[in-house]
Amino acid sequence: MPFERRIAVTVNGVRHERSVEPRLLLSDFLRQMLNLTGTHVGCEQGICGACTVLIDGDSVRSCLTLAVQADNAELRTVEGHGQAQSLSALQRTFKQCHALQCGFCTPGFLATIEDMLNKYPLENENRIRELLSGNLCRCTGYQNIVDAVIAARDDLAQSEAANQQTQQE
Amino acid sequence: MKPAPFDYCAPQSIDEALARLAAAPQAKLLAGGQSLIPMLNFRLLATDLLIDLTGIAELRGILPHGRSVRVGALTTHHEVETSALIRERFPVMGEVMRHVAHLAIRNRGTIGGSLVHADPAAEWPLLAVLLQARLHAVGPSGKRAIDAQDFLLGALTSSLDADEILLRIDFPALPRRTAWAFDEVALRAGDFALCAAAVTLSVGGSRLTGGPRITDARIALAGVADTAVRVPVAERMIRGQRRLTPELAHQAACAVRDAINPNADLHASADYRRHLCHGLVKRLLEEAQRSCAAPAADDGGDGH
Amino acid sequence: MRKRSDPARLRRPTTGETAISRPKYVGAPVERREDGRLLTGRGRFVDDVAIAGTLHVAFRRSDHAHARILKVDSKAAAACPGVVAIYVAEDIEADFQPIVAQSRMRGYQPTAQPILAKEKARFAGEAIAAVVAESRYLAEDAAALIEVEYEALESLVDPLRSLAEDAPRLHDGTSSNVLVERRFQRGEVEQAFHNPPLAVKERFRFRRKAPAALENRCYLADYRGAADSLTLHTSTQVPGIVRDALVDCLAIPGSRLRVVAPDVGGGFGGKTSLYPEEVLVCVLSRRLERPVKWTSDRLEDLTATSHGFDEVVEAELALDEEGNFLGLRADVIGDVGAYSLFPFTAGIEPVQVASFLPGPYRIDAYQGRVRCVATSKTALGPYRGVGRPAATFVMERLVDMAARRLGQDPKAMRLRNLVQPEDFPYKVASGIVWDRSGFTESLAAACEAIGYESLRGQQEEAREQGRLLGIGMATYAELTGIGSRLSASPGMPFNTGTETAHVCLDSTGGITARFGVTSFGQGLETALSQVVADELGVAIEDVTIVQGDTAAVAHSTGSYASRGAVMGAGAAMLACAALKERLLRVAGLMLNAPPEEVTLAEAGFSAPHSDRRIGFGELAKTYYSRQGAIATDLKNELGELSASRMYDPEWGTTSCGTHIALVEVDRETCQVKVLKYLVAEDCGQLINPRIVEGQNHGGVAQGIGAALLEEVIFDEQGQNLTASFMDYVLPSAAEVPRMEQVHLDLEKPKTLGGIRGMGEGGTIGAPAAIANAVADALAPFDCEVTELPITPERIFRLTRDGRDGSGRGN
Ligand SMILES: Cc1cc2nc3c(=O)[nH]c(=O)nc-3n(C[C@H](O)[C@H](O)[C@H](O)COP(=O)(O)OP(=O)(O)OC[C@H]3O[C@@H](n4cnc5c(N)ncnc54)[C@H](O)[C@@H]3O)c2cc1C
Ligand code: FES
Ligand code: FES
């Protein structure tokens, strides 16, 4: 192979070293080289959001990122959020709200929402919908996803309030 | 949809990047990759070497310089969106960033990449002409500074040479009492705008000079020409007036509509774009006038 | 009678003979069983299946919409690194029998669908050459180097042009470009249209859509030479149909040809056809004796996956002075693209427009004509709602136009003309029979729930302020769960009337239920578990569902046409009842009681005069594994503790609903904002209200997309200008409103369990409701909404030009 590069990437806490072609998209690296097939590909143009993962905590399109650009980075993919038996808080609200149908878009939504919850106050439904607009879902009509975000936001606010209280005590 | 093969390097300094660029005439610079990688994926573009600029620390950051602000070319949309300095000095910029694509793209996409890419409907070129930015670049024959209006030559065309690197963008301070307003119309939230518009109104003068007047008015548009444009004829109609009446806003908006010559595309005809422009500009002028009149107008504006 | 979905009321009392104890699951908003794996990235979609040694395919596709292929030069491509082989049509011809969608419809002209275009390309994006390489990257490198020489032919972009005598024929040997033509006639149409007090006539245009499931199509074929067996992993809605077709096409016996559709990322009709790429990976895997995979990218999906809708409809409604419908006539021209797709043919979409046009209304005189016209575009296939979205759009627009002309309220006009409760069963002019369903009730319920009268008041006020508020409603009806007495595939030589369930208790006490109906987001794994668990009195976790695998049952055609739940649940009930009978006999023996006295509840068997409770595990172990415990005669008679049953609902059943939308058109931007949306529908017994509501949310979102944003656009040369998600605009969360739902459960239909099909209703009602709402909002202008999507550009032209508006052309 021409132009091979050696990279080291930490994904969900596990360090991987691989030789890759510079043109290899991060989405393909995750799916094909690391067998982390939870990251999905829907457009390879940045529009659908299905491939969104967290790089150093920021949501990023893995179809618009080269694997070589992730050298030395910390990634979190859907496989790192929780297990079927021990879902993350956000995954639980997704299940409770029936926020997924075929589930193809779901991993991307989870990454986007984690980032949204971190970065924005999500003060109202319009704002939430606006921030979700970079992830397309063809199945759910979004309502239950919006509800899941609202539930996750409120849960987070509650647990933060509880934390503050225990700290004060 | 996979890119054709290319080589890759990630220089750590501007000099190293320049050297790489000089040695490989077909090379492309990579910033956030949010415009470049889609083109590579579609094989609309081929290159033999990608020079990744993201490792060059001195290309990042937002710094005050007197009353103006310097933004490194590799600063991301999201960094601008959340910068306290920007919020204080150019609140319009922070507001506009919310309309640029989506969070995941704002996390990567950069001001420099957007300006060099020069999409006719992109927001950064609009801001650059609105705020009369000066762009600083470096090439084999040294540094130069270019005014935004001269930098943006046309659709996907900037005046940067292939062997030059955009370093930073300087935004000169706005007059003290400046109100602003921005809005855009897109088919779907986060999409490139069918038409985007921003206005600023600056008020100056006092009783001594015969009462306050509009000392400066700017109207900038994107999505309605090959590149972001200002509309001097309409700005002149407003400048020097005591206040901007609804009637004047309407006349200025008509002047804007008549001055532009939009392209038609799949989703919007030239006439529809003219119609959008008129409505947007009129509403934004009125909004800006309202916040001029409001007591807090000195330090910014309302946007919405 | 009207109930909002309140979980508490959804626990229905026991009915019917098959119910064993109080049902615990059916009717309850049970959380989904598939969610665990899908939420954690452990789902298994076809592209996730990795088999060592897999080769990857990329295509060189036609640059022209209609052209003779003179020469394909792949020399340079063949020399690329990693390339294993490159094929054109001639290279593989001998390896398969062509695919031809057949139909007994009179005058139907079938078109063979090439795997790779030979001699001629008939749409831009049709595959001409296939590159097989070690990776998709390498395959694409080579495909880019293949040179094709064409002789351009006239592109047939406008179906009206295609209809013309002198238009070139897209397919040699056809007598015209009309692939299907049908007429419907009932009643005295001439008379109805002879000087009626009022007639409203319009020419409507419903523009082409792309199903655009988020998962692109993906196929992985794995041929094993030693066993002469083939496994195809495919993102299909219809594995059974694919298997049966491939057996003929590839001459591999069905026992060695297995088609697996694991998790499928949405379908919406776009995955109900057998595709050339699907056949090709099989052919190439057999040739090369290596696993071969093709994963569509979005560009390929938007150009080579079947499109939906796309009709020109001229329709006229005659009324008397009071607003009673006298007659309806319509001429439908369907733009069906280049090929008649297997198995549902070019007729599937446009014929349903004509046959469903009278909708839920009493119309004695109807005349409909439909022509399905071939053009040099991507083939048209089924898309959610099939025919009925366009039919409902046309009919509901005519109703509103008539109401406006007569100065009547649209609600009153509808109530007057809908099939009334006492009219059921009602035979529609096109031959469809509606069984009792809440046509008028859904309208009344929708109006009540949304506060129709006060909404009108609100509109009045808004209008006074110069705001453009509009209210639109649409009532529709559909046939679901169609059995053998009708056909979901008129005139097509396969059986869509039955589905199978196989339920088995294995020697460890495990319960496995196998189905032919597939799931691609509808949550059938959960819904069917609910049914089986209730029927067998066990916990839902005790049931394992197997579906999406032709090895599961002997025959199936899969999920489409809102049949999955009706037919799957029916078959499950029958199979469970049969299994239960066996289990009771075994349990009786173990409890020393006659089988009729044994009860099965809470996962255990008991009898009146015994304290003993036998669980499924104990029963299974005793029966299968304890030698001598069960008499030989009985074992010989009962055999395996399993039962397999087919269910045929015969006529199927009617589902219906009314949608109401409140929209505002922004004068400045010409954009439409949906402010309120409500669905009232009659879908019988809900198996899982949470899933039903989710289906409606999704269906309505697609309908709103179809009404406001989505449109596949071709230029004059037949190039698809909307071949990316940038230009084919799917709605995002910001464009879709929050919606409310009302579920009516009036009289239970005759289907087992009283289930009516659902899943498509959202997409059927929404385009019409939105169109009517926008038209209502634009009432101050002298214009009518006759074309969907009603984009800002079209609204701009309508409001500027009045009546004529835009795009009245084809
Ligand atoms: C789905 C989607 C939606 C989007 N929507 C919008 C939108 O609504 N509005 C909008 O404005 N943008 C939008 N964008 C584009 C986005 O803002 C990009 O980030 C931006 O246009 C390019 O910035 P980049 O840093 O990613 O540049 P890159 O893609 O890395 O580069 C773009 C070009 O600039 C050159 N370049 C980059 N940096 C330099 C430099 N320092 N010196 C010289 N040349 C340089 C590159 O060589 C390349 O030619 C969207 C993108 C996507 C994928
Ligand atoms: S696949 Fe990356 S955004 Fe669609
Ligand atoms: S759940 Fe299917 S695309 Fe979102």
Side-chain angles (χ1 to χ4, degrees), chain A residues 1-2 21 23-24 28 31-32 35-45 47-48 50 77-85 87-88 91-92 94-96 98-107 110 125-126 128-146, chain C residues 29 31-32 34-45 47-50 81 135-137 211-216 263-268 295 297-298 519-523 690-691 693-702 704 724-726 730-739 762:
Chain A
M1 286 282 135
E21 262 193 284
R23 65 160 155 173
L24 184 70
D28 288 329
R31 293 180 49 79
Q32 287 157 19
N35 207 19
L36 293 169
T37 55
T39 297
H40 295 152
V41 172
C43 71
E44 292 172 299
Q45 200 190 352
I47 298 176
C48 76
T77 67
V78 63
E79 288 89 349
H81 288 246
Q83 308 287 313
Q85 307 313 323
L87 296 177
S88 73
Q91 285 167 332
R92 261 201 318 279
F94 256 62
K95 187 167 184 191
Q96 282 156 0
H98 183 34
L100 67 156
Q101 291 184 25
C102 78
F104 196 80
C105 67
T106 311
L110 293 174
E125 179 166 340
N126 278 346
I128 290 171
R129 285 181 179 267
E130 189 186 307
L131 282 163
L132 287 175
S133 68
N135 289 67
L136 298 176
C137 172
R138 194 59 158 161
C139 299
T140 63
Y142 304 103
Q143 183 160 325
N144 291 346
I145 297 178
V146 172
Chain C
E31 283 187 3
R32 295 200 328 164
E34 37 281 83
D35 287 356
R37 66 173 186 276
L38 295 174
L39 278 167
T40 55
R42 268 76 169 182
R44 203 168 129 94
F45 297 87
D47 199 34
D48 303 344
V49 179
S135 81
R136 172 74 181 221
Y137 286 77
L214 218 54
E215 178 207 25
N216 286 310
D263 285 319
V264 174
F268 316 116
T295 308
D297 58 35
R298 187 54 64 184
S519 198
F520 30 93
Q522 322 90 309
R690 181 191 292 256
I691 291 178
E693 296 195 340
Q695 285 286 306
N696 281 333
H697 289 154
V700 168
Q702 281 181 24
I704 289 176
S724 85
F725 272 168
M726 195 72 104
L730 299 182
S732 82
E735 287 74 42
V736 178
R738 186 164 276 282
M739 57 197 101

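We use all heavy atoms of the structure for the numbers below, so side chains are in, but hydrogens, waters and symmetry mates are not.
The shortest side-chain heavy-atom distance between A/Val146 and C/Arg738 falls under the 4.5 Å cut-off. The shortest distance between side-chain heavy atoms of C/Arg298 and A/Ile47 does not fall below 4.5 Å.
Although no hydrogens or angles enter the test, the distance criterion places a donor-acceptor pair under 3.5 Å between the side chain of C/Arg690 and the main chain of A/Gln96. Judged by distance alone, the side chain of A/Gln143 and the main-chain N or O of C/Met739 form a donor-acceptor pair under 3.5 Å.
The two residues A/Arg129 and C/Val736 have their closest heavy-atom pair at NH1-O, 2.7 Å. A/Ser133 and C/Ala734 get closest at one heavy-atom pair: CB-CB, 4.4 Å. Taking both residues in full, the closest heavy atoms of A/Gly82 and C/Thr40 are given as O-CG2, 3.2 Å, listed atom of the first, atom of the second, then distance. A pairwise comparison of heavy atoms in A/Cys102 and C/Leu38 identifies O-CD1, 3.6 Å as the closest pair. Minimum interatomic distance between C/Gln702 and A/Arg138 (heavy atoms only, all atoms of both residues): NE2-O, 2.9 Å. When all heavy atoms are compared, the tightest approach of C/Phe725 to A/Gly42 is CE1-O, 4.2 Å.
Most heavy-atom pairs under 4.5 Å with chain A: of the set C/Pro211, C/Gly523, C/Gly266, this distinction falls to C/Pro211. With chain A as the partner, the residue from C/Gly698, C/Ala701, C/Ala50 showing the most heavy-atom pairs under 4.5 Å is C/Gly698. In terms of non-hydrogen atom pairs under 4.5 Å with chain A, the most contact-rich of C/Gly36, C/Pro731, C/Gly762 is C/Pro731. If you tally non-hydrogen atom pairs under 4.5 Å between each of A/Asn35, A/Thr106, A/Val41, A/Thr140 and chain C, the highest count goes to A/Thr140. Each of C/Glu735, C/Arg37, C/Met726 has some count of heavy-atom pairs under 4.5 Å with chain A, and the biggest count is that of C/Met726. Annotation: maximal heavy-atom pairing with chain C below 4.5 Å, among A/Leu36, A/Leu110, A/Leu87, A/Leu100, occurs at A/Leu100. For the options C/Val264, C/Asp47, C/Asp263, C/Val700, heavy-atom pairs under 4.5 Å to chain A are most numerous at C/Asp47. Between chain A and the residues C/Leu730, C/Asp35, C/Leu39, C/Ile704, the most heavy-atom pairs under 4.5 angstrom are made by C/Leu39. Looking only at heavy-atom pairs under 4.5 Å with chain C, the residue among A/Gln83, A/His81, A/Gln85, A/Glu130 that has the most is A/Gln83.
Heavy atoms of A/Phe104 lying under 4.5 Å from chain C belong to its backbone as well as its side chain. Only the side chain of A/His40 comes within less than 4.5 Å of a heavy atom in chain C; its backbone stays farther off. For chain C, the nearby parts of A/Leu136 are the backbone and the side chain; heavy atoms of each come within less than 4.5 Å. Residue A/Ile128: no heavy atom, backbone or side chain, is found under 4.5 Å from chain C.
In this structure, the separation between CG on C/Asn216 and CD on A/Glu44 is 8.5 Å, given to the nearest 0.5 Å. Between A/Gln45 atom CD and C/Asp297 atom CG the span is 10.5 Å, to the nearest 0.5 Å. Rounding to the nearest 0.5 Å places CZ of C/Phe45 at 9.5 Å from OG1 of A/Thr37.
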Hey, mind stepping through C/Glu693 and A/Asn144 against side chain to side chain contact (heavy atoms under 4.5 Å, CB included) and telling me if it holds?
CA-CA 10 Å; C/Glu693 296 195 340; A/Asn144 291 346; over 6 Å; no
Evaluate side chain to side chain contact (heavy atoms under 4.5 Å, CB included) for A/Cys139 paired with C/Phe268, printing each intermediate quantity in order.
CA-CA 9 Å; A/Cys139 299; C/Phe268 316 116; 3.7 Å; yes
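Considering C/His697, C/Gln522, C/Gln695 in turn, C/Gln695 is the only one that fulfils the side-chain hydrogen bond (donor to acceptor under 3.5 Å, both in side chains) rule with A/Gln101.
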